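Following: one structure in C-alpha cells, then a few remarks.
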Amino acid sequence: MAKPSREAISMASTSPSSLSPPTVPMELHVSNRQKLLKSLRQHLSNSSRPHHGFVLLQGGEEQTRYCTDHIELFRQESYFAYLFGVREPGFYGAIDIATGKSILFAPRLPADYAVWLGEIKPVSYFQERYMVSMVYYTDEIVQLLVDQYKGSGKPLLFLLFGLNTDSNNFSKPAEFEGIEKFERDLTTLHPVLTECRVCKSDLELALIQFANKISSEAHVEVMRKTKAGMKEYQLESMFLHHTYIYGGCRHCSYTCICATGESSAVLHYGHAAAPNDRILEDGDMALLDMGAEYSFYGSDITCTFPVNGKFTSDQSLIYNAVLDAHNAVIAAMKPGVSWVDMHKLAEKIILESLEKGNILVGNLDDMMVERVGAVFMPHGLGHLLGIDTHDPGGYPKGIERPKEPGLKSLRTARQLLEGMVITVEPGCYFIDALLVPAMESANTSKFFNCEIVDKFKNFGGVRIESDVLVTANGSKNMTKVPRETWEIEAVMAGGPWPLNRASG
C-alpha cells in the first residue's frame with residue numbers, strides 16, 4: 001500500500017472535521033426490497049390476488065448536455081436507488097413476488113468502453129456488490145422473466161407509475177423491447193413503494209445522520225469564515241468543499257441557497273437567474289439553505305445569521321420569533337400529531353412575536369382566521385426527507401391538501417409516524433408581493449403597523465431548518481448547528497463548536 005503524501009498528512013492534521021465517510025452496507029437495500037415485498041404481498045392478499053408477477057423498475061440513464069457529448073454527472077433514479085443501491089446508469093431491476101428473488105439487468109457494454117471508461121465488469125461483480133439473487137443483461141429481460149414466471153397466462157409486471165405530489169410530475173414506468181409479451185399493472189406498485197419510503201430503517205437513518213453531521217459541520221465552517229465584502233458563491237463553495245473533502249459527498253441534495261440582504265426573502269434563491277452572486281454587506285442577514293447527500297440519502301439545513309457576527313435588535317426580534325417557532329414544533333412532535341397543526345403552531349408563535357414587536361396589532365386569533373401568518377411564511381413548515389430532499393408520500397390516497405393560504409403549500413398534511421424524517425423550517429420574510437396586497441386588503445389591513453413594517457422593507461427574511469426524526473415518544477433533532485443568538489455570535493467570534501453556556 002502506498003504511503004500517504006506529506007500534503008495529505010498535513011491536511012489531515014489540520015482538518016476541521018473528525019468525520020470520515022462511513023461504509024454503506026448493501027443490506028440496507030436488501031432490507032428495503034424485503035419491506036416492499038412484504039407490503040406488496042399483503043396488499044395483494046387484501047385484494048384476493050395471487051402472489052404472482054414481477055416488480056420491474058428501470059434505473060436512470062446518463063444525460064448529455066443538449067446536443068453535445070458532454071455527459072452530466074449521473075445520479076440514480078430515487079426509487080431504483082432505494083431498492084437496489086445501484087450507482088451505475090442503464091440498469092433494470094426486478095423482484096419476483098412469488099419467490100422473493102431479486103434480479104438486476106446490466107447494460108451490455110461495447111468493447112471500446114474499456115478504452116475510455118475502464119474495466120467492463122462481469123455480471124458476477126454486480127451480483128456480489130449489490131447482493132441480488134441473479135444478474136443478467138438488459139437484452140435478456142424478456143427471456144429471463146418469461147422463464148422465471150410461475151403463474152398462468154402472460155407474465156405480469158408491476159410497473160412504477162404515479163404522481164409525485166411535490167413536483168406534480170409522474171414517475172416513469174419501465175420500457176424495453178418486447179414488453180408487449182407481458183401483462184402490465186400501472187396502479188398497484190407506486191402507492192405501496194412510496195409508503196415504504198416514508199418511515200426509515202436504522203440503516204437509512206445512519207446515512208441521513210451522517211449527511212446531517214457533515215452538513216452541520218460545513219455550515220459552522222461557513223459561519224466562521226463569512227465576512228462583509230465576500231460573494232455569496234464563496235459561501236456556497238466553502239460548504240461544497242467541506243462536505244466533499246471530508247464527507248465524500250459528491251452530490252448536494254439540492255441547489256444551494258446562499259441569500260443575503262433583501263435576497264433572503266427570495267424563497268428559492270440560488271437558481272440560474274439569481275446565482276448566489278451578490279456581495280455581502282455589513283448589516284446584512286445571511287440565509288444559507290444547504291445540505292449534502294451521501295450514498296443517495298440527503299440532508300436539508302438552513303442557518304440564518306448576521307454577516308458581521310452581531311445581531312441588531314431588529315434582527316434578534318425576527319430571528320427569535322422563528323427560533324421560538326422552530327423549537328416549539330420540535331418539542332410538540334410525536335407520533336399521531338397533525339402536521340397541519342404544527343404549521344399553525346409555528347404561525348401563531350411568529351405572529352405573537354411580531355405583535356410584541358409592534359409590527360402587527362390586534363387579536364391573534366383573528367389574525368389566524370384571516371391567514372395573516374401566510375403573509376410572513378408563505379411556504380409549508382417542512383417536508384419528508386430521505387433519498388429525495390422532498391421525499392414522496394406526503395399526500396397518500398385519503399389525505400387532502402388544504403386550500404387556505406400558506407397551508408396549501410404544505411408538502412404533507414399527514415399525522416406523524418415513528419420513523420419519519422421531516423424538516424422543521426419555519427420562516428419569517430418581508431416580501432412586497434405579499435405584504436402590499438395584505439396591507440391594502442379590507443380584511444387584513446387593520447393588523448399591520450405600516451410605519452414599522454416599512455422599517456423592515458429591505459430586511460429580507462429568516463429561516464431556521466433542522467432535520468427531525470419522529471421517535472416512539474417524541475422527536476430527535478439530527479441537525480447540530482448554533483441556533484441561539486449567543487451561540488452564533490460566539491462561534492462567529494472564533495469560539496469552538498459545540499460550546500458551553502459559560503463561554504457564551
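Source: prediction; values computed, not measured. Side-chain atoms are counted along with the backbone in the values below, which use heavy atoms only and exclude waters and symmetry mates.
- Using a 4.5 Å heavy-atom cutoff, the side chains of Pro392 and Arg197 are in contact.
- Using a cutoff of 4.0 Å between basic side-chain nitrogens and carboxylate oxygens, Glu347 and Lys344 are not scored as salt-bridged.
- In the model, Ser18 has no side-chain atom that pairs as donor or acceptor with a side-chain atom of Tyr246 under 3.5 Å.
- Between Gln58 and Lys172 there is a side-chain heavy-atom pair separated by less than 4.5 Å.
- The ring pair (Phe, Tyr, Trp, His ring centres under 6.0 Å) pairs that include a residue from residues 129-164 are Phe161-Phe170, where partners are two or more places apart or lie in different chains.
- You'll find the side chain of Ser17 reaches within 4.5 Å of the side chain of His242, heavy atoms only.
- Of the possible polar contacts, none joining the His390 side chain to the His383 backbone as a donor-acceptor pair under 3.5 Å is found.
- A heavy-atom distance below 4.5 Å is not found between the side chains of Val329 and Pro426.
- Checked for salt-bridge contact, Lys480 and Asp467 miss the test: no charged N lies under 4.0 Å from a carboxylate O.
- Side chains of Leu434 and Pro378 form a contact here, defined as non-hydrogen atoms less than 4.5 Å apart.
- Thr423 and Asp300 share no donor-acceptor pair across their side chains, judged by distance under 3.5 Å alone.
- With sequence neighbours left out, the side chain to side chain donor-acceptor pair (under 3.5 Å) criterion links Asp166 to Arg411.
- A salt bridge links Glu195 to Arg414: one of the charged nitrogens lies within less than 4.0 Å of a carboxylate oxygen.
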Stepwise salt bridge (Lys or Arg N to Asp or Glu O under 4.0 Å) check, Arg250 with Glu293: CA-CA 8 Å; Arg250 196 175 193 189; Glu293 175 184 298; over 6 Å; no
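- Taking 4.5 Å as the limit, every side-chain heavy atom of Ile257 sits out of range of all side-chain heavy atoms of Leu288.
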Below 3.5 Å, can you tabulate the donor-acceptor pairs from side chains in residues 175-184 to any protein atom, sequence neighbours excluded?
none

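- Ring to ring, Phe91 and Phe126 are close: their centroids are under 6.0 angstrom apart.
- No side-chain donor from either of Ser215 and Asn212 sits under 3.5 Å from a side-chain acceptor of the other.
- Side-chain contact annotation: Arg87 with Ser295, donor-acceptor N/O pair under 3.5 Å absent.
- Salt bridge Lys334/Glu418: absent, no basic N to carboxylate O contact under 4.0 Å.
- Inspection of the His51 and Ser45 side chains reveals an N or O donor paired with an N or O acceptor under 3.5 Å.
- The shortest distance between side-chain heavy atoms of Tyr429 and His379 falls below 4.5 Å.
- Side-chain contact annotation: Tyr269 with Glu232, donor-acceptor N/O pair under 3.5 Å present.
- Ring orientation note: the planes of His29 and Phe296 are nearly perpendicular, at an angle over 60° on the 30°/60° scale.
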